[in-house]
Amino acid sequence: MLDLKQIREETDKCIELLNRRGGDFSYLREILTKDESRRAAIQKVEVLKAKKNEVSRLIGLYKREGKDVTQILSDMNSFSDEIKNLDEFVTRTDEEIKDALLNTPNLPNEFISVGKDDSDNKEIKKNSTPTTFDFPIKGHYELGEALDILDFNRAGKISGSRFVVYKGLGARLERSLIQWMMDLHANEHGYVEVIPPYIINEASMYASGQFPKFKEEAFKLYDDRNLYLNPTAEVPTINLHRDEVLDVEKLPLKYVSYTTAFRQEAGSAGRDTRGILRQHQFNKVELIKFTKPEESYDELDKMLANSERVLQLLELPYRVVELCTGDLGFSMRKTFDIEVWLPSENKYREIGSISNAEDYQARRANIKFRRANDSKLEFVHTLNGSGLAVGRTVIAIMENYQQSDGSIKIPTVLQKYMGVTEIR
RNA sequence: GGAGAAGUACCCAAGUGGCUGAAGGGGCUGGCUUGGAAAGCUAGUAGAUCGUUAACCCGGUGCAGGGGUUCAAAUCCCCUCUUCUCCGCCA
């Protein structure tokens, strides 16, 4: 959530920055008008409430002394209605303002490039050249079915489209990657391991910014408690510290969180229907940090390096792009996407995303810290990044490590987890 | 799933309608005492949030959360959540 005070003080700048995402955010001015009438009403009602408190106190006093209170009681009635009306007005405008703010995305960082969509993203790093082959290559779906490690037909029988059954060494590859990624980030990069709940309540979805905008993306449980399936580890992990004041000595807090994520992908019917690129259910290892404001961009760079390390150790070709304003996620100020080379598509595809939300999520989730004993509370900055998407890493390994006979080599770092050097 | 108990400030805890925005401890901070410390004595100690303000002050909200009754609610009523105990079931 944006800071209403900032919108008040830097109205033009806020609108201009938001407009860079595409769309018209001049409605912020209407919020400010509402806010003004809200504050005027607050001032009015607070005077009345102070008076009411005083009169109530007197009534108590008079009763104890045995004095008559009928006159004073009727005085009270004269303004209790007005208090009620004003209170209702304040509550209503408050909700309207909050509703508008909850639907307003984060300001883009002012230095990232302005653009319409992913075609305007800026490549900032490329580690190597695409894998070359001296034989006709296959897609991971063909390889997977031929090796009987990915079973789409039976997954359809069990669940429907956009699901897959991992079998044999396919299942082991998925499991090995999870294990290895968790080990890497926990042991070498200093993150604390987390396995959070996969069923999430509505408050948590709002706090991290998934709701209200992206309600249709979540799987809702048939249950009267308004519960949803986890859409990304970012949600439960950010909410670890909702409504908390973090110990400044412990910042930055670093978590590596493993979850299975569930998404409707409602808006992408017909896209990426082959294979496991876009599934309703997928595994992800996610990195989350809570930092002091002045450290968040350094920590973002470190997080990017931690994510890249996964691909470097797997020896997979990738590049890093900086998202332009039009492609930036709702809650984020700045985002790097890591894209891995997929031979079957002859292009780089997103395999991870590393973002700084600054104080946007912290304000929604009410996560603060105190610099010193006598200083005021401040919002922390929150960061999250993929460490990585496991299913897509499986794709990248299968396709980049395929051999002319349809077998797949196992990257060196995974061999001791897999117990084999290739899948055939 | 069944039965019961509980949620009060940093922690423990008293409090069944007004003199309680909250007794009493502990802790923390300061003072006295001491060569210094401990002990003892003593003073201070809602944090938060909203409004106002240059700031202080002041005012509103605030006793798990949300509604209600009342001139007045920690206290009475309703709903929800969480924790604990026992029983049942179960990986």
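So you know, we letter chains A, B, ... as the sequences are listed, proteins then strands, and number each from 1. Heavy-atom basis, side chains included; hydrogens, waters and symmetry copies ignored.
C10(B) and A46(B): their C1' atoms are spaced 10 Å apart (whole Å). The gap from the P atom of G88(B) to that of G2(B) amounts to 15 Å, rounded to the nearest Å. Going from the C1' atom of A72(B) to that of U53(B) covers 31 Å, rounded to whole Å. Taking atom P in both A39(B) and C28(B), the straight-line distance is 10 Å, to the nearest Å. G59(B) and G21(B) have their C1' atoms separated by 14 Å, with the value rounded to a whole Å. The same atom, P, is picked in A6(B) and in A13(B); the two are 13 Å apart, to the nearest Å. Of the P atoms belonging to G65(B) and A55(B), the separation is 30 Å, rounded to the nearest Å. Nucleotides G62(B) and U75(B), compared at atom P, are 11 Å apart to the nearest Å.
Nucleotide G7(B) forms a Watson-Crick or G-U wobble pair with C81(B), both donor-acceptor distances falling under 3.5 Å. With a 3.5 Å ceiling on both atom-pair distances, C90(B) lacks any Watson-Crick or G-U wobble partner. The partner of C41(B) is G31(B), judged by Watson-Crick or G-U wobble contacts that both fall below 3.5 Å. Pairing for A23(B) is absent, with no Watson-Crick or G-U wobble pair whose two atom distances lie under 3.5 Å. Applying the Watson-Crick and G-U wobble criteria (two distances, each under 3.5 Å), A74(B) pairs with nothing in any strand. Pair assignment for A48(B) gives U61(B), based on Watson-Crick or G-U wobble hydrogen-bonding distances that are each under 3.5 Å. A 3.5 Å limit on both hydrogen-bonding distances identifies no Watson-Crick or G-U partner for G17(B).
Closest approach to the S56(A) side chain among C71(B), C50(B), U52(B) is made by C71(B) (side chain taken as heavy atoms from C-beta onward). For L377(A), the side-chain atoms get nearest to A48(B) when compared with the rest of A48(B), A72(B), G60(B). For N53(A), whose side chain is taken as the heavy atoms from C-beta onward, the closest listed nucleotide among U61(B), G59(B), U52(B) is U61(B). Taking every side-chain heavy atom of A50(A) into account, G60(B) is the closest of C50(B), U52(B), G60(B). In the set G18(B), A48(B), G51(B), A48(B) carries the atom at the smallest distance from any side-chain atom of K368(A).
At the heavy-atom level, K44(A) lies nowhere under 4.0 Å from the strands shown. Nucleic acid contact for R38(A): sugar-phosphate only, since backbone atoms but no base atoms lie under 4.0 Å from a heavy atom of the residue. Nucleic acid contact class of R363(A) (heavy atoms, under 4.0 Å, all strands): none.
At G21(B), none of the side-chain N or O atoms of R57(A) fall inside 4.0 Å of OP1 or OP2 (strictly under the cut-off). Between Q43(A) and U52(B) there is a side-chain polar atom (N or O) within less than 4.0 angstrom of OP1 or OP2. Residue R370(A) places at least one side-chain N or O closer than 4.0 Å to OP1 or OP2 of A48(B). The shortest distance between the side-chain N/O atoms of K49(A) and the OP1/OP2 oxygens of C50(B) is not below 4.0 Å.
Between K52(A) and V45(A), the residue whose closest nucleotide on RNA chain B is further toward the 5' end is V45(A).
For F152(A) and Y141(A), the gap between ring centers reaches or exceeds 6.0 Å. A distance of 6.0 Å or more separates the ring centres of F369(A) and F290(A).
Checked options R364(A), Q361(A), R363(A); the residue passing with T382(A) is Q361(A) (criterion: side chain to side chain donor-acceptor pair (under 3.5 Å)).
Note on ring orientation: taking the six-membered ring where Trp is involved, the planes of Y360(A) and F330(A) are perpendicular (angle over 60°, cut-offs 30° and 60°).
Under the 4.0 Å criterion applied to side-chain N and carboxylate O atoms, D35(A) and R39(A) are assigned as salt-bridge partners. Salt bridge status for E299(A) with K302(A): present, with a side-chain N to carboxylate O gap under 4.0 Å. The pair K116(A)-D120(A) does not count as a salt bridge, with every side-chain nitrogen at least 4.0 angstrom from each carboxylate oxygen.
The distance between atom CG of D35(A) and atom P of C50(B), rounded to the nearest whole Å, is 12 Å. Look at CD1 on I42(A): it is 6 Å from C1' on G51(B), rounded to the nearest Å. Between the CG atom of D243(A) and the C1' atom of C81(B) there is a distance of 14 Å, rounded to whole Å. Protein atom CD of E46(A) is 14 Å distant from nucleotide atom C1' of U53(B), rounded to whole Å. Note: CD (E9(A)) to C1' (U53(B)) measures 14 Å, nearest angstrom. The CD1 atom of I83(A) sits 9 Å away from the P atom of A72(B) (whole-angstrom rounding). Per the geometry, CD1 belonging to I367(A) stands 15 Å off P belonging to U49(B), to the nearest Å. Atoms CD (E36(A)) and P (C50(B)) sit 18 Å apart, rounded to a whole Å.
For D87(A), the salt bridge (charged side-chain N to carboxylate O under 4.0 Å, His left out) criterion is met by K49(A), not counting sequence neighbours.
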